[in-house]
Amino acid sequence: MIDPRRLRVLRALADHGTVTAAAHALYLSPSAVSQQLAALEAETGHALLERRGRTVRLTAAGSVLARHADEISAQLARAEADLAKCSTGLAGEVTVAAFATSITEVVAPALAALGRRAPQVRIRVKDAEGHAAARLLADGEADIAVAVEHRDSLAPGGRQLLYAPLYEEPFDAVLPPGHRLAGKSEVDLTDLRDDPWITPWPGNPVHEAVLRACEEARFQPSVECLSDDFSAVCALVAVGAGVALVPRSALHGIRPALTPAVRPLRGPGPTRRVFTAVRRGSEGHPLLKITLAELRDRAAALTA
């Protein structure tokens, strides 16, 4: 009989690549992970790992079993969801991992609405940028992920996760006071080719979206300042350090003094696409369904 808890350890090793990283994700010691994997090999009667010095990799049998682990995990999640449907009323805890702007504009208002609609539901929130939200979900540290569509944010979890679009929004140009284009109703991106730029750090999906938009406009921006905090980005713009493209909802909570000239882009521009993800099989759980419904309602109001 294969212990499904040990399959989770094998899946973590497949996802993270090393015993140490898998142990960190599962809040176990490396020796405990090694013991679980050795027990799993004994249960299956197959060598699941190839040990090469201090590193390990999955054997062919290990890879096959890791793929089955995804399906088994999904089926267990379905079983939990079906059991939850048998209970009366809504009570329990849901953990949402999301990036900062979505917490402010979507998650927090959804949490407030849930508090009125289902006061026995407790929502825990974890601030997670980039692909970290999907990774927390895949590792079992969150029940719902809210993240920006990006090659890295869609990578963690693979077949384990079920994705759904939540909302999309345009980017606006943020210009310093007295900028030559500040009087325009719209800004052409190509007119900013010679300006210094302020962007988030490489690896942030917004950084990649801005660079891709500039490439499509046939120029490479001269990035002078880097910050993942949009309030800091706007503060730097306000003192003339450069220009920026900022997702529209990220400007909602910024003091007007820090955004002296915000203009929409003329023609097609970059778009931030935001999605939700849950572990496959858990989508029918009533607590997740009611939480996802509130997130969708708030996202619809945000983009109306």
Side-chain angles (χ1 to χ4, degrees), residues 94-118 121 123-134 136-137 142-150 153-154 161-174 185-187 199-200 204-210 213 227-234 237 244-259 261-278 283 287-304:
V94 177
T95 299
V96 180
F99 61 98
T101 303
S102 68
I103 291 174
T104 301
E105 300 295 330
V106 176
V107 177
L111 189 155
L114 270 175
R116 296 187 294 270
R117 178 179 175 187
V121 177
I123 306 296
R124 300 175 63 214
V125 179
K126 295 183 178 181
D127 189 336
E129 298 293 331
H131 67 280
L136 288 171
L137 180 63
D143 303 301
I144 297 173
V146 179
V148 177
E149 184 179 296
H150 184 254
S153 60
L154 295 174
L161 306 185
L162 186 66
Y163 301 92
L166 184 60
Y167 67 92
E168 60 180 75
E169 60 180 335
F171 285 60
D172 289 325
V174 184
S185 59
E186 294 180 321
V187 172
T199 74
N204 186 309
V206 171
H207 176 90
E208 308 301 331
V210 170
S227 175
D228 286 334
D229 185 326
F230 290 117
S231 293
V233 169
C234 289
V237 172
L245 293 183
V246 177
R248 187 164 291 171
S249 68
L251 295 168
H252 290 176
I254 296 174
R255 288 181 290 119
L258 298 183
T259 54
V262 177
R263 299 291 180 268
L265 295 175
R266 182 181 299 112
T271 300
R272 178 159 74 169
R273 294 178 176 86
V274 178
F275 65 85
T276 59
V278 297
E283 64 273 13
L287 291 181
L288 299 194
K289 288 177 69 175
I290 191 174
T291 305
L292 289 168
E294 289 294 351
L295 291 173
R296 288 192 295 268
D297 287 348
R298 179 56 196 173
L302 175 69
T303 56

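Only heavy atoms go into these numbers, but all of them, side chains included; no hydrogens, no water, no symmetry mates.
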Calculate, to the nearest 0.5 Å, the distance between atoms [atom1] and [atom2] belonging to [X] and [Y] respectively.
| X | Y | atom1 | atom2 | answer |
| --- | --- | --- | --- | --- |
| Arg116 | Leu111 | CZ | CG | 10.0 Å |
| Ile290 | Leu295 | CD1 | CG | 11.0 Å |
| Tyr167 | Thr271 | OH | OG1 | 12.5 Å |
| Thr303 | Glu169 | OG1 | CD | 9.0 Å |
| Thr101 | His252 | OG1 | NE2 | 10.0 Å |
| Leu114 | Ile123 | CG | CD1 | 5.0 Å |

Nearest heavy atoms of [X] and [Y], plus distance in Å:
| X | Y | answer |
| --- | --- | --- |
| Pro200 | Asp228 | CB-OD1, 3.3 Å |
| Ala244 | Val233 | CB-CG1, 3.7 Å |
| Ala133 | Ala147 | CB-CB, 4.4 Å |
| Arg266 | Glu186 | NH2-O, 3.5 Å |
| Ser231 | Asp229 | N-OD1, 2.8 Å |
| Ala209 | Pro270 | O-CB, 4.0 Å |

Would you say [X]'s side chain and [Y]'s backbone share a donor-acceptor pair under 3.5 angstrom?
| X | Y | answer |
| --- | --- | --- |
| His207 | Thr199 | no |
| Ser102 | Ala98 | no |
| Glu129 | Ala100 | yes |
| Asp172 | Arg248 | no |

Measure the shortest side-chain to side-chain distance between [X] and [Y] over non-hydrogen atoms and say whether it is less than 4.5 angstrom.
| X | Y | answer |
| --- | --- | --- |
| Thr276 | Tyr163 | no |
| Pro247 | Phe230 | yes |
| Val96 | Val94 | yes |
| Pro264 | Val187 | no |

Could you give me the CA-CA distance, side-chain angles and deciding distance for Asn204 and Val148, then say whether side-chain contact (heavy atoms from CB on, under 4.5 Å) is met? CA-CA 9 Å; Asn204 186 309; Val148 177; over 6 Å; no

Can Thr95 and Ile144 be said to form a side-chain contact (heavy atoms from CB on, under 4.5 Å), step by step? CA-CA 6 Å; Thr95 299; Ile144 297 173; over 6 Å; no

Does a salt bridge link Glu294 with Arg117, judged by any charged N lying under 4.0 Å from a carboxylate O? yes

Output, in order, the C-alpha distance, side-chain angles, deciding distance and verdict of side-chain contact (heavy atoms from CB on, under 4.5 Å) for Leu166 and Phe275. CA-CA 5 Å; Leu166 184 60; Phe275 65 85; 5.6 Å; no

Could you please spell out the steps behind the side-chain contact (heavy atoms from CB on, under 4.5 Å) verdict for Arg272 and Val206? CA-CA 7 Å; Arg272 178 159 74 169; Val206 171; 4.0 Å; yes

Residue pair Ser249 / Glu105, side-chain donor-acceptor N/O under 3.5 Å: no

